[in-house]
Amino acid sequence: MAEAHDTAGPMARNVKDCFYLFQAMTTITETLDHHTRALTDYQFGFINDAKIKEAYRDEDDTLLAHVQDDLIQRDVAVQDIAIDPSAYRIDITDVLEYQFNEGVRNFFKDEKEPLTLRDIYQFNQTDAANYAPYGQDLIKQAMETKLTKETVDQMVSTHQKIAIKALDQAFQTVDVLVTLSNYATTLYAASGYPALTIPGLKRKSGEPVGVTFIMKANQDVELLHVGQQIEKNRLRIK
């Protein structure tokens, strides 16, 4: 596989790299060797409800069906799963904008002349065609946010409760949830549950598409174990 990533860290060349990044960023003692279950020991649930399909593009149904068929041919148990529609109403935009602004502020706080998001915005504007070819709308919104930490903390807590409830309901019958690309980002980002995206599919245009696998809280390393097996077997591209 060309690259993979999980919610604990940046892009990596493969799943094992993701584990090393996760290990370096945390205090875990658990390793990939702690997990020996085969793919056939897991039940995979494909998120397949009307709400998530609102974001689908052409070919997405077909691509996801290819992944499902590939697992079935490997004797892996799969089923369709519907997520509680209330979870899709979570809007994390305000939280991201606030944390983006605060994240930059905290990153540079120990510098003699700390940079702010506004400094970055203004620098990009000096050569927008090269520095910000897709615009700076999100940066502008983030640096203008008036939200307080207390408000954002409350939003995060509320979002987390909704997302955890919806995902835990799905995990009553499956071990791993599956979707394409970033369609379920709000669900796992809000819940704090681990997610891993592995490339392996392509649209007819040649555009690569990742397959995202989600597991329950504190199953980060086990998810990477599952991902490593998926990567090793390679998803068949039809």
Side-chain angles (χ1 to χ4, degrees), residues 1 4-7 15 18 32 35-90 159-203 208-238:
M1 295 296 177
H5 74 274
D6 78 342
T7 55
V15 174
C18 283
L32 289 171
H35 299 280
T36 58
R37 293 173 66 187
L39 281 182
T40 50
D41 293 329
Y42 294 90
Q43 177 83 31
F44 285 74
F46 282 68
I47 302 178
N48 189 24
D49 50 52
K51 204 64 183 174
I52 201 168
K53 287 188 175 184
E54 290 179 3
Y56 273 21
R57 296 166 53 187
D58 293 342
E59 306 174 62
D60 282 350
D61 272 320
T62 301
L63 289 171
L64 203 56
H66 288 170
V67 179
Q68 196 170 49
D69 290 344
D70 190 57
L71 289 173
I72 290 172
Q73 290 183 30
R74 300 176 192 278
D75 296 322
V76 176
V78 304
Q79 68 181 71
D80 287 339
I81 285 286
I83 301 297
D84 185 337
S86 65
Y88 290 111
R89 292 197 289 270
I90 294 172
H159 294 164
Q160 186 175 46
K161 290 176 182 176
I162 295 171
I164 286 176
K165 181 179 179 181
L167 290 179
D168 281 353
Q169 185 176 27
F171 281 125
Q172 288 179 7
T173 56
V174 299
D175 303 301
V176 186
L177 291 171
V178 187
T179 185
L180 288 180
S181 190
N182 61 351
Y183 293 143
T185 298
T186 297
L187 297 177
Y188 57 76
S191 67
Y193 285 8
L196 176 73
T197 299
I198 300 178
L201 301 173
K202 289 183 180 179
R203 302 187 192 280
V209 181
V211 183
T212 299
F213 303 90
I214 308 164
M215 289 186 73
K216 295 183 70 173
N218 303 316
Q219 290 185 318
D220 303 70
V221 177
E222 186 167 8
L223 174 59
L224 291 168
H225 162 72
V226 170
Q228 194 172 41
Q229 293 184 79
I230 294 285
E231 184 179 67
K232 180 180 178 180
N233 286 286
R234 291 192 177 268
L235 298 172
R236 180 164 49 256
I237 301 172
K238 299 181 181 180

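Every heavy atom of this structure was used, including side-chain atoms; hydrogens, water molecules and symmetry mates were not. Keep in mind that what you see is a predicted model, and the values were worked out from it rather than measured.
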Point to revise | Val174 vs Ile81, side-chain contact (heavy atoms from CB on, under 4.5 Å): CA-CA, chis, key distance, verdict | key: CA-CA 9 Å; Val174 299; Ile81 285 286; 4.0 Å; yes

Under 3.5 Å: donor-acceptor pair, side chain of [X], backbone of [Y]:
X      : Y      : value
Asp49  : Ile52  : yes
Glu231 : Val15  : yes
Thr212 : Ser181 : yes

Ignoring hydrogens, what is the shortest heavy-atom contact between [X] and [Y]? Give both atom names and the distance.
X      : Y      : answer
Ala87  : Ile83  : CB-CG2, 4.1 Å
Gly227 : Ile198 : O-CD1, 3.5 Å
Pro194 : Asp220 : CB-OD2, 3.4 Å

Rounded to the nearest 0.5 Å, how far apart are [atom1] of [X] and [atom2] of [Y]?
X      : Y      : atom1 : atom2 : result
Asn182 : Tyr188 : CG    : OH    : 6.5 Å
Asn48  : Tyr56  : CG    : OH    : 6.0 Å
Tyr193 : Met215 : OH    : CE    : 11.5 Å
Ile230 : Leu71  : CD1   : CG    : 5.0 Å
Asp58  : Arg203 : CG    : CZ    : 8.5 Å
Leu224 : Gln228 : CG    : CD    : 8.5 Å

Review point. If we only count heavy atoms from C-beta on, is the Leu180 to Val211 side-chain gap below 4.5 Å?
Key: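 The answer is yes; the side chains approach within 4.5 Å.
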
Exercise for review: Report yes if the side chains of Gln68 and Asp80 come closer than 4.5 Å at any heavy-atom pair, otherwise no.
Suggested key: yes

Point to revise | Asn218 atom CG: more than 12 heavy-atom contacts under 6.0 Å | key: no

Check your understanding: Is atom NZ of Lys53 surrounded by more than 12 heavy atoms (other residues, nucleotides or ligands) closer than 6.0 Å?
Key ->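 Check passes, neighbour count above 12.
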
**Study point:** Working for side-chain contact (heavy atoms from CB on, under 4.5 Å), residues Tyr183 and Asp60
**Key:** CA-CA 11 Å; Tyr183 293 143; Asp60 282 350; 2.4 Å; yes

Acceptor/donor pairs from residues 37-47 side chains to any protein atom, 3.5 angstrom cut, sequence neighbours excluded:
{"unit_1": "Arg37", "atom_1": "NH1", "unit_2": "Glu222", "atom_2": "OE2", "d": "3.3"}
{"unit_1": "Arg37", "atom_1": "NH2", "unit_2": "Asp41", "atom_2": "O", "d": "2.6"}
{"unit_1": "Asp41", "atom_1": "OD2", "unit_2": "Ala38", "atom_2": "N", "d": "3.0"}
{"unit_1": "Tyr42", "atom_1": "OH", "unit_2": "Glu222", "atom_2": "OE2", "d": "2.7"}
{"unit_1": "Gln43", "atom_1": "NE2", "unit_2": "Gln79", "atom_2": "OE1", "d": "3.0"}

Practice item. List for me each residue that meets salt bridge (Lys or Arg N to Asp or Glu O under 4.0 Å) alongside Lys51, sequence neighbours excluded, and say none if there are none. Key: Glu54

Exercise for review: Only counting residues at least two apart or in another chain, list the ones meeting salt bridge (Lys or Arg N to Asp or Glu O under 4.0 Å) with Arg89.
Suggested key: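 Partners of Arg89 by the salt bridge (Lys or Arg N to Asp or Glu O under 4.0 Å) criterion come out as none, since no residue qualifies.
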
